[in-house]
Colleague: 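Just dropping this structure here.
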Amino acid sequence: MKALILVGGFGTRLRPLTLTVPKPLVEFANKPMILHQIEALVKAGVKDIVLAVNYKPEVMVAVLKKYEEKFGITITFSVEEEPLGTAGPLALARDILGKDDTPFFVLNADVTCDYPFEAMRDFHNSHGNEGTILATKVEEPSKYGVIVTKPNSTKIDRFVEKPVEFVGNRINAGIYIFKPTILNRINLEPTSIEKQIFPAMAGDEQLHTFDLEGFWMDVGQPKDFLTGTCLYLSSVAKKTPHLLASPSEPFVHGGNVLIHPTAKIGDGCRIGPNVTIGPNVVIGKGARLQRCVIMEDAQIKEYALVKNTIVGWHCTVGRWTRLDGVSVLGDDVHVADEVYVYGALVLPHKSISANVTDPKIVM
Ligand code: GDD
Ligand code: MG
């Protein structure tokens, strides 16, 4: 089987992390975001993966090429000269996606869930129409694409991208499977799959929806990245709890803590719930970590409090310092001792030695 991942632009909403690393390579639960998707696709039997990007992908090529051999797959980088939107990239990859008449998956790169690829494929084959959209329910649908089905049917009646008025709360989870005939609807030009292609397919009664079970999150911005991490860890706790730190560890507080084996945890720490700690991280004694992400090579010094925060690679957080309020520290940021930081987005290589009490960008 084949798949295309819409990797897209510069990940501006995930700055400052994406100033250093392309969004798909930012680690989510200690693994590059896109690798979660690639592994799930491989598990479902996908052999041909196209990554649709609109910038020079050298860094990604270097990181991802080794997985071709490891997984026995082909990864092709399909590079746009101008951004082609969410449908145009399918036309650009026509040679691969349309090389036979088997269906292919399309994924937004920034969504996390228990990817139900096999169940989706079976459902898609059973209805025989052109496309299937994975759907989930959310409380605040206005920032997504909303799906309205025909009565007592999985057939989509209407697809409304970013509705201004409430039309429903079942939304597009950003994962699709299509017959190659969809390629006849898409020209090689900037095109929105949500605004142009889906409404036309729904009008032709060619589009169905498949409900996702379990968690889902678009992790394209820091607040949601943290929420997505919590949801993902809860799912790991249910399915593969041995991957998490044992709740009997004296420092684990409230469960759902993922710690890389090379990380060092000081005495008397209190960590959890909902914390991920990356490779070579050092946590000083008595530190308190809750609902946060600590990336590779970071150091959290004694008695610091890190909460609702993403600490980027190679950062140091001083003693008795407190971070909160969806702060994000870019690569190699240094926060002095005894400082309070609330809601700061800190650009790479900066030092902070005074309090930041209101959300702002530190540059
Ligand atoms: N290659 C390529 N080229 N990819 C693109 C382009 C482009 O020009 N524009 C966007 N993308 C990629 C993004 O990187 C992302 O992975 C995906 O397409 C969706 O774009 P977002 O910018 O993240 O869209 P969104 O989150 O506002 O809305 C989309 O996702 C929601 C689910 O998270 C829509 O598909 C909604 O309908 C959906 O509900
Ligand atoms: Mg998104």
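Start at 1 and go down the list; that is how both ligands and their atoms are numbered. For the numbers below, each heavy atom of this structure counts, side chains included, while hydrogens, waters and symmetry mates do not. Numbering of residues begins at 1 and proceeds along the displayed sequence.
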Colleague: Return a yes/no value for Pro83: is any of its N or O atoms, backbone included, closer than 3.5 angstrom to an N or O of ligand 1?
Modeller: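 No, no N or O pair falls under 3.5 Å.
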Colleague: Are Leu107 and Leu35 linked, directly or through other ILVMFWY residues, by side chains that come within less than 4.5 angstrom of each other?
Modeller: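 Yes, same cluster.
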Colleague: Please list, in number order, the atoms of ligand 1 under 4.0 Å from a heavy atom of Trp216.
Modeller: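 What qualifies from ligand 1 is 32 (C), 33 (O).
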Colleague: Measuring from non-hydrogen atoms of Phe198 to any atom of ligand 1, is the shortest distance under 4.0 Å?
Modeller: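 Heavy atoms of Phe198 never come under 4.0 Å of ligand 1.
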Colleague: Between Glu68 and Lys65, is there a side-chain N and carboxylate O pair less than 4.0 Å apart?
Modeller: yes
Colleague: Does ligand 1 come near enough to Gly174 that some N or O of the ligand is less than 3.5 Å from an N or O of the residue?
Modeller: no
Colleague: Determine, for Asp224 against Lys143, whether the closest basic-nitrogen to carboxylate-oxygen distance falls under 4.0 angstrom.
Modeller: yes
Colleague: What I want to know is whether Gly8 and ligand 1 share at least one N or O pair that is separated by under 3.5 angstrom.
Modeller: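 Yes - when backbone and side-chain N and O of Gly8 are compared with those of ligand 1, one distance drops under 3.5 Å.
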Colleague: With respect to atom 25 (P) of ligand 1, which of Lys143, Gln221, Lys162 exhibits the smallest heavy-atom separation?
Modeller: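 Selected option, by shortest heavy-atom distance: Lys162.
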Colleague: Only heavy atoms of Thr86, strictly under 4.0 Å: list the atoms of ligand 1 that pass.
Modeller: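 The atoms of ligand 1 under 4.0 Å from a heavy atom of Thr86 are 18 (O).
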Colleague: Among all protein heavy atoms in this structure, tell me which lies nearest to atom 14 (O) of ligand 1, with the distance rounded to 0.1 Å.
Modeller: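 The protein heavy atom lying closest is Val7 O, 3.0 Å.
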Colleague: Looking at non-hydrogen atoms alone, which of Ile5, Leu4, Leu6 comes nearest to atom 16 (O) of ligand 1?
Modeller: Leu6
Colleague: Rounded to the nearest 0.5 Å, what's the gap from CD1 on Ile133 to OG1 on Thr136? Could you check?
Modeller: 13.5 Å
Colleague: Atoms of ligand 1 less than 4.0 Å from Val111 heavy atoms?
Modeller: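 Close to Val111: 33 (O).
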Colleague: Are Asp337 and Lys301 close enough for a salt bridge, meaning some N to O gap below 4.0 Å?
Modeller: no
Colleague: Would you say Gly220 contacts ligand 1, with heavy atoms under 4.0 Å as the rule?
Modeller: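 Gly220: no contact with ligand 1 (<4.0 Å).
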Colleague: Identify the residue among Leu289, Leu329, Leu305, Asn308 that makes a side-chain contact (heavy atoms from CB on, under 4.5 Å) with Leu323.
Modeller: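 Result for side-chain contact (heavy atoms from CB on, under 4.5 Å) with Leu323: Leu329.
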Colleague: Give the atom numbers and elements of ligand 1 that come within less than 4.0 Å of a heavy atom of Glu194.
Modeller: 34 (C), 35 (O), 37 (O)
Colleague: Would Gly85 count as being in polar contact with ligand 1, using the rule that some N or O on each side must be under 3.5 angstrom apart?
Modeller: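 So ligand 1 has an N or O lying under 3.5 Å from an N or O of Gly85.
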Colleague: Could you check whether the rings of His36 and Phe28 sit parallel, tilted or perpendicular, using 30° and 60° as the cut-offs?
Modeller: perpendicular
Colleague: Pick out which of Val21, Ile310, Val311 makes a side-chain contact (heavy atoms from CB on, under 4.5 Å) with Met295.
Modeller: Ile310
Colleague: Checking the N or O distance criterion of under 3.5 Å, is ligand 1 in contact with Asp110?
Modeller: yes
Colleague: Pull out every atom of ligand 1 sitting under 4.0 Å from any heavy atom of Leu84, numbered as shown with elements.
Modeller: 8 (O)
Colleague: Taking the inter-plane angle between the rings of Tyr115 and Phe117 on a 0 to 90° scale, is it parallel (under 30°), tilted (30 to 60°) or perpendicular (over 60°)?
Modeller: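 Because their plane-to-plane angle is under 30°, the rings of Tyr115 and Phe117 count as parallel.
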Colleague: For Ala109, is at least one N or O under 3.5 Å away from an N or O on ligand 1?
Modeller: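 Ala109 vs ligand 1: N/O contact under 3.5 Å present.
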Colleague: Within less than 4.0 angstrom of ligand 1, does Arg13 place any heavy atom?
Modeller: yes
Colleague: Please give me the minimum heavy-atom distance between Asn108 and Gln37, naming the atom from each residue.
Modeller: O-NE2, 3.0 Å
Colleague: Can you tell me which portion of Asn54 lies within the under-4.0 Å heavy-atom range of ligand 1? Options are side chain, backbone, both, or neither.
Modeller: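 Asn54 to ligand 1: side-chain contact only, backbone stays beyond 4.0 Å.
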Colleague: Considering all heavy atoms of both residues, which atom of Pro348 and which atom of Thr20 are nearest to each other, and what is their separation?
Modeller: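 That would be CG-OG1, 3.7 Å.
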Colleague: Look at Lys195 together with Glu161 and state whether they make a salt bridge at an N to O cut-off of under 4.0 Å.
Modeller: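 So Lys195 does not pair with Glu161 through a salt bridge.
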Colleague: Considering distance alone, does some N or O of Asn172 sit under 3.5 Å from an N or O of ligand 1?
Modeller: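 Yes; at least one N/O pair falls below 3.5 Å.
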Colleague: Please state which protein non-hydrogen atom is closest to atom 37 (O) of ligand 1 and give its distance, to 0.1 Å?
Modeller: Glu161 OE1, 2.6 Å
Colleague: Look at the aromatic rings of Tyr340 and Tyr342 and report parallel, tilted or perpendicular, splitting at 30° and 60°.
Modeller: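 Rings of Tyr340 and Tyr342: tilted, as their planes differ by 30° to 60°.
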Colleague: Check whether any N or O atom of Pro89, backbone or side chain, sits under 3.5 Å from an N or O atom of ligand 1, and answer yes or no.
Modeller: no
Colleague: Any atoms of ligand 1 less than 4.0 Å from a non-hydrogen atom of Tyr176? List them with their elements.
Modeller: 35 (O)
Colleague: Using a 4.5 Å cut-off on heavy atoms from C-beta on, say whether the side chain of Glu194 contacts that of Lys162.
Modeller: no
Colleague: Consider only side-chain heavy atoms of I, L, V, M, F, W and Y, link residues closer than 4.5 Å, and tell whether Leu134 and Met201 are in one cluster.
Modeller: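 No, because Leu134 and Met201 fall into different hydrophobic clusters, even though each may have its own neighbours under 4.5 Å.
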Colleague: So which heavy atom in the protein is nearest atom 3 (N) of ligand 1, and how far is it from that ligand atom?
Modeller: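 Among all protein heavy atoms, the one nearest atom 3 (N) of ligand 1 is Glu80 OE1, 2.9 Å.
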Colleague: About how large, to 10 degrees, is the angle OD2 of Asp110, then the Mg ion (ligand 2), then OD2 of Asp218?
Modeller: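 For OD2 of Asp110 and OD2 of Asp218, the angle centred on the Mg ion (ligand 2) reads 110°.
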Colleague: What protein heavy atom sits nearest atom 33 (O) of ligand 1, and how far away is it?
Modeller: Asp218 OD2, 2.7 Å
Colleague: List the closest protein heavy-atom neighbour of atom 30 (O) of ligand 1: residue, atom name, distance to the nearest 0.1 Å.
Modeller: Asn108 ND2, 3.0 Å
